[in-house]
Number of protein chains: 2
Amino acid sequence: MKDLPHKTIERLSQYRRALLLCLDKGKTHIYSHEIAKIQHITAVQVRRDLMLIGYTGTLRKGYNVKELIDLIGHIIDSEEGINVAIVGMGNLGRALINYFAGKRSKLKIVAGFDINPDKIGNIMSGVPCFSLDEMPEVIAARNIKVGIMTVPADFASDTANALVKAGIKGILNYTPKPVNVPKEVYLEEYDMITTLEKVAFYVKMQEEEES
Amino acid sequence: MKDLPHKTIERLSQYRRALLLCLDKGKTHIYSHEIAKIQHITAVQVRRDLMLIGYTGTLRKGYNVKELIDLIGHIIDSEEGINVAIVGMGNLGRALINYFAGKRSKLKIVAGFDINPDKIGNIMSGVPCFSLDEMPEVIAARNIKVGIMTVPADFASDTANALVKAGIKGILNYTPKPVNVPKEVYLEEYDMITTLEKVAFYVKMQEEEES
DNA sequence: GAAATTTTGTTAATATTTTAACATTGTTAA
DNA sequence: TTAACAATGTTAAAATATTAACAAAATTTC
């Protein structure tokens, strides 16, 4: 499973989310073209992804929703679950916590860190907030593997270093400033401004095309 | 410029951000490998992207930071600027507004919408908040082209429909639920959960490899 | 002033990702 | 019962994206 295409991994996560909604609606089976419609992709791509993970549906009945959810879980989730910390309990940090609240996922946000004394010691949306000094102990004690960075840009680099030093294995950086980490730490940069600029670019293009 | 690769568009936005920081530091020239280092990509890729936009640097001196910033601006920005609205002034909506505050970009968040009467009529981080009923008029009056959706998942579909009806040209959906829009509206789905699940997957993979 | 070095710009090769094509097989319908 | 249909699974082709290779030229070093 190690060599699944990166894009397939992303889509599996998305398929699962869509499938969970279907399950809630009482749907037991689903066709590749239904999944495709939801995700704005083609049915071939869905079938290809499922082929890659070795799942086979029923001809003319489609895929068993429950089975598929479980299989995707076996592939992308860690069996014991993975604990996550958020550094920066500002608007973005809290937004992410709320996103996850209630989701019965193998991913659990178990700690938050902030510099603001008013926040430290509190429990915010179910997540206890610690000071930055406590990072090494908290990360070790709670077996935290992944860190999400939602601090202001100026603190990006220091935060990344602190996370690495504390033994984190993966970082998701929401800061607009790219950071450097040793190669054994998996790093995903996600820049919200870029996404918006991209949308604006294609809107502009479309307008210019029309005129 | 229409046929620049999608990935190049994204990277141009990122290059510009990096270049702006360099400019602040007083750097006048930069090498392709320096840009590459910041963005965690290869120098060849940087040079190739710049080739595609027809920018040429100075041999052995690198690229002129100021010039390059301007050129990227000419390519990805709309000359008159593009106005943006945020629907959902919760944590995520406010986080995005703060991200943009102070950035002298051609993209301006000029209106927010929310369902909460306590927020309506207020100015939040410099952005006035309107009720959903006012959407058509506000979007028309303020010439808003792009809408960012930061509402709870249950409102995703209705919000998208309302934005389309109001004449929006591009939508950036931060909701975990994909939406449908007519094909003339540019849609970018961005799912924060997927990104985190991806990081967790690769962390898990690395651990399994080690054992 | 010649050789070595460094950096750009570009073409060619490789790798990845998506899409097309189609064989297969249950199911429905005539 | 047999033909038409609708869905899966898979191989092959096409499109997209990245990386390698290298020529050209300015700068530095000897």
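Quick note on labels: first sequence line is chain A, next is B, and so on, each numbered from 1.
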Legend entry - Length of the line joining B/His29:NE2 and C/dT8:P, which is rounded to integer Å: 11 Å
Legend entry - Residue met sooner reading DNA chain C from 5', once A/Asp49 and B/Tyr63 are mapped to nucleotides: B/Tyr63
Inset, instruction - Not counting sequence neighbours, which residues clear side-chain contact (heavy atoms from CB on, under 4.5 Å) with B/Glu208? List them please. - result: B/Lys204, B/Met205
Inset, instruction - Could you tell me the separation between the NZ atom of A/Lys7 and the C1' atom of C/dA15, rounded to a whole number of Å? - result: 13 Å
Legend entry - Members of residues 32-44 of chain B that approach DNA chain D, where some heavy atom sits under 4.0 Å away: B/Thr42, B/Val44
Legend entry - For chain A, the stretch of DNA chain D it reaches, first to last nucleotide, under 4.0 Å of its heavy atoms: D/dC5 to D/dA12
Inset, instruction - Return the value, rounded to whole Å, for the distance between atom OH of B/Tyr31 and atom P of C/dT8. - result: 8 Å
Legend entry - From CA spacing to verdict: side-chain contact (heavy atoms from CB on, under 4.5 Å), A/Leu132, A/Val87: CA-CA 8 Å; A/Leu132 294 170; A/Val87 190; 4.0 Å; yes
Legend entry - Qualifying ring-ring contact (aromatic ring centres under 6.0 Å, His included) pairs with a residue from residues 4-30 of chain A, counting only residues at least two apart or across chains: A/His6-B/Tyr202
Inset, instruction - Round to the nearest Å and state the distance from A/Leu52 atom CG to C/dT17 atom P. - result: 11 Å
Inset, instruction - Quickly work out the A/Lys61 NZ to C/dT27 P distance and round it to whole Å. - result: 8 Å
Legend entry - Listed partners of A/Lys7 passing salt bridge (Lys or Arg N to Asp or Glu O under 4.0 Å), at least two apart: none
Inset, instruction - Return the nucleotide paired to C/dA30: Watson-Crick means purine N1 to pyrimidine N3 with N6-O4 or O6-N4, wobble means G-U with N1-O2 and O6-N3, both under 3.5 Å. - result: D/dT1
Legend entry - Taking every non-hydrogen atom, the tightest pair across B/Ile109 and B/Val127: O-CG2, 3.7 Å
Inset, instruction - Please list, chain by chain and in numerical order, all residues satisfying ring pair (Phe, Tyr, Trp, His ring centres under 6.0 Å) with B/His33, sequence neighbours excluded. - result: B/Tyr31
Inset, instruction - Not counting sequence neighbours, which residues clear side-chain contact (heavy atoms from CB on, under 4.5 Å) with A/Pro5? List them please. - result: A/Thr8, A/Leu52
Inset, instruction - Report the residues that fulfil salt bridge (Lys or Arg N to Asp or Glu O under 4.0 Å) with A/Glu188, sequence neighbours left out, ordered by chain and then residue number. - result: B/Lys198
Tabulated below should be each protein N or O lying under 3.5 Å from an N or O of nucleotides 3-5 of chain C; please produce it.
{"from": "C/dT5", "atom 1": "O2", "to": "B/Arg60", "atom 2": "NH1", "distance (Å)": "2.7"}

Legend entry - ring-ring contact (aromatic ring centres under 6.0 Å, His included) pairs, two or more places apart, involving residues 47-66 of chain A: A/Tyr55-A/Tyr63
Inset, instruction - Just jot down the side-chain contact (heavy atoms from CB on, under 4.5 Å) partners of B/Pro152, sequence neighbours excluded, or say none. - result: B/Phe155
Legend entry - Spacing of B/Arg48 atom CZ relative to C/dT11 atom P, expressed in whole Å: 9 Å
Legend entry - With sequence neighbours excluded, residues passing side-chain contact (heavy atoms from CB on, under 4.5 Å) with B/Asp158: none
Inset, instruction - Check the distance between C/dT19's C1' and A/Arg47's CZ and give it to me in whole angstrom. - result: 11 Å
